[in-house]
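Report on the structure given below.
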2 protein chains.
Amino acid sequence: MNTDKLKTAGDSSTEEKIKNAARTVFHKKGFAAARTRDIAEEAGINLALLNYYFRSKEKLFNIVMLETFQSFFASVSSIFNNPDSGFEEKIEQFASRYIDLLFSEPEIPLFIINEIRNNPEELIKNTDIKHAVFQSVFAQQYKILEHEGKIKEPGFINFMMNLMGLIVFPFVAAPLLKSISGLTDEQFNAVIETRKKLIPVWMKAILEA
Amino acid sequence: MNTDKLKTAGDSSTEEKIKNAARTVFHKKGFAAARTRDIAEEAGINLALLNYYFRSKEKLFNIVMLETFQSFFASVSSIFNNPDSGFEEKIEQFASRYIDLLFSEPEIPLFIINEIRNNPEELIKNTDIKHAVFQSVFAQQYKILEHEGKIKEPGFINFMMNLMGLIVFPFVAAPLLKSISGLTDEQFNAVIETRKKLIPVWMKAILEA
DNA sequence: GTCTATAACGTGATAGAC
DNA sequence: GTCTATCACGTTATAGAC
């Protein structure tokens, strides 16, 4: 996004290679367990270059964390604030698109959860998730249905816990679930794939319970 | 459990103090971020004593991890294998008792999830969770209801993902959920308290959907 | 068993040649 | 910009006195 220096090749520049490698390693191991040497190796560059471009491990981490956090919630916001889709339609879109997103980057939820715990106040300033979720078109539509008596479940926060839990939890607990079920990666993914269609049905049942 | 040395005072012995401190620190920070100095300070003992009793950080960690894992799944197993309670009754018991357990030790799920990811094969050998869950009375009762056509949901594994997700996810994602909702700790806990009664209702609705 | 002092090692960061 | 060599520091682990 920084165009003031006109990079020759945005994606293959050394700076980008380091950042991409850092993202991979930090997502997998978290800040504490990640070593700058791991990142340098992953990027195929010399360790000294990491400090040349980003000054310190912490600075590099903060950049990765902020970008991850923002892109992750941008995708939420775009669905939640679509004015052209109805309430149930949004649940379907959210389940389907979020599960696809998690298939491509399954470490992200755990990364965000862990690093937010170590740094609760930092990210809340830099991103307005609260607004993106609670002031969203989706939240408005929920309140209308609630007011019309079509929803009995007590409150939007419980609703969000349920929706997020059903979608995200299988990815967060994947290693554990695989070992207790004995499923292969392929079988496990197939199960989750079926949940794209099932979660909207279940959420509807919950709302009417 | 080791009675071959007849400890003078099982709970207040130096060895136990170190282990309890280690449990606290490891649960909160994970292996990589925890320092042996943190543990020694938490235990109120000298750093050298840690190595005197447990040889290394890693050995101490493995003991804590194994004990945590076993006690955590022992509580699951005791509910799942109660022959005197029915299927829906078990869901109620599980939701209520597990949420209480998580109130008292909220870091445990994230600890287990994170450390299992770093060491997938280790724990599966030492504990037979797979058997405790999939061969449980609870699983048998599920299969009977499924066979009788009283359950439409596709499969026990999906069912377990839903049940665990609804119960555990709010604790795992607590810091994130608090910041997006703006709830205080007390308000947040109050919401989760209501879920003890609601989750069984929701699970019933899901099964019949 | 418990302590102080210190060794041994790993990791983040920098100096300086090219 | 990129590399090699090295420093500085924090952390785990141990030696040895008491």
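Throughout, a chain's letter reflects where its sequence line sits, starting with A, and its residues are numbered from 1.
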ask   = Taking CD from B:E58 and P from C:dG10, how many angstroms apart are they, rounded to a whole number?
value = 13 Å
key: Nucleic acid contacts of residues 25-55 of chain A, taken as heavy-atom distances under 4.0 Å to DNA chain D   = A:N46, A:A48, A:L49, A:Y52, A:Y53
Using the test salt bridge (Lys or Arg N to Asp or Glu O under 4.0 Å), find all partners of [X] that sit at least two apart in sequence or belong to another chain.
| X | answer |
| --- | --- |
| B:K57 | none |
| A:K29 | A:D38 |
| A:R23 | A:E67 |

query = According to the interplanar angle, ranging from 0 to 90°, do the rings of B:F156 and B:F134 count as parallel (below 30°), tilted (30 to 60°) or perpendicular (above 60°)?
reply = perpendicular
message = Taking side chain to side chain contact (heavy atoms under 4.5 Å, CB included) as the definition, give me every residue that meets it alongside A:N158, ordered by chain and number, with sequence neighbours left out.
response = A:E153, A:P154, A:M161, B:V191, B:T194, B:R195, B:L198, B:W202
message = Among residues at least two apart in sequence or on other chains, which ones pass side chain to side chain contact (heavy atoms under 4.5 Å, CB included) with B:N118?
response = B:E115
task = Would you grab the first and last nucleotide of DNA chain D (5' to 3') that comes under 4.0 Å of any non-hydrogen atom in chain A?
result = D:dG1 to D:dT4
Give the table of side-chain donor-acceptor pairs shorter than 3.5 Å for residues 97-109 of chain A, with sequence neighbours excluded, one pair per line with atom names and distance.
from	atom 1	to	atom 2	distance (Å)
A:D100	OD1	A:K196	NZ	2.7
A:D100	OD2	A:K196	NZ	3.4
A:S104	OG	A:L101	O	2.8

query = Excluding sequence neighbours, so at least two apart, what forms ring-ring contact (aromatic ring centres under 6.0 Å, His included) with B:F26?
reply = B:F61
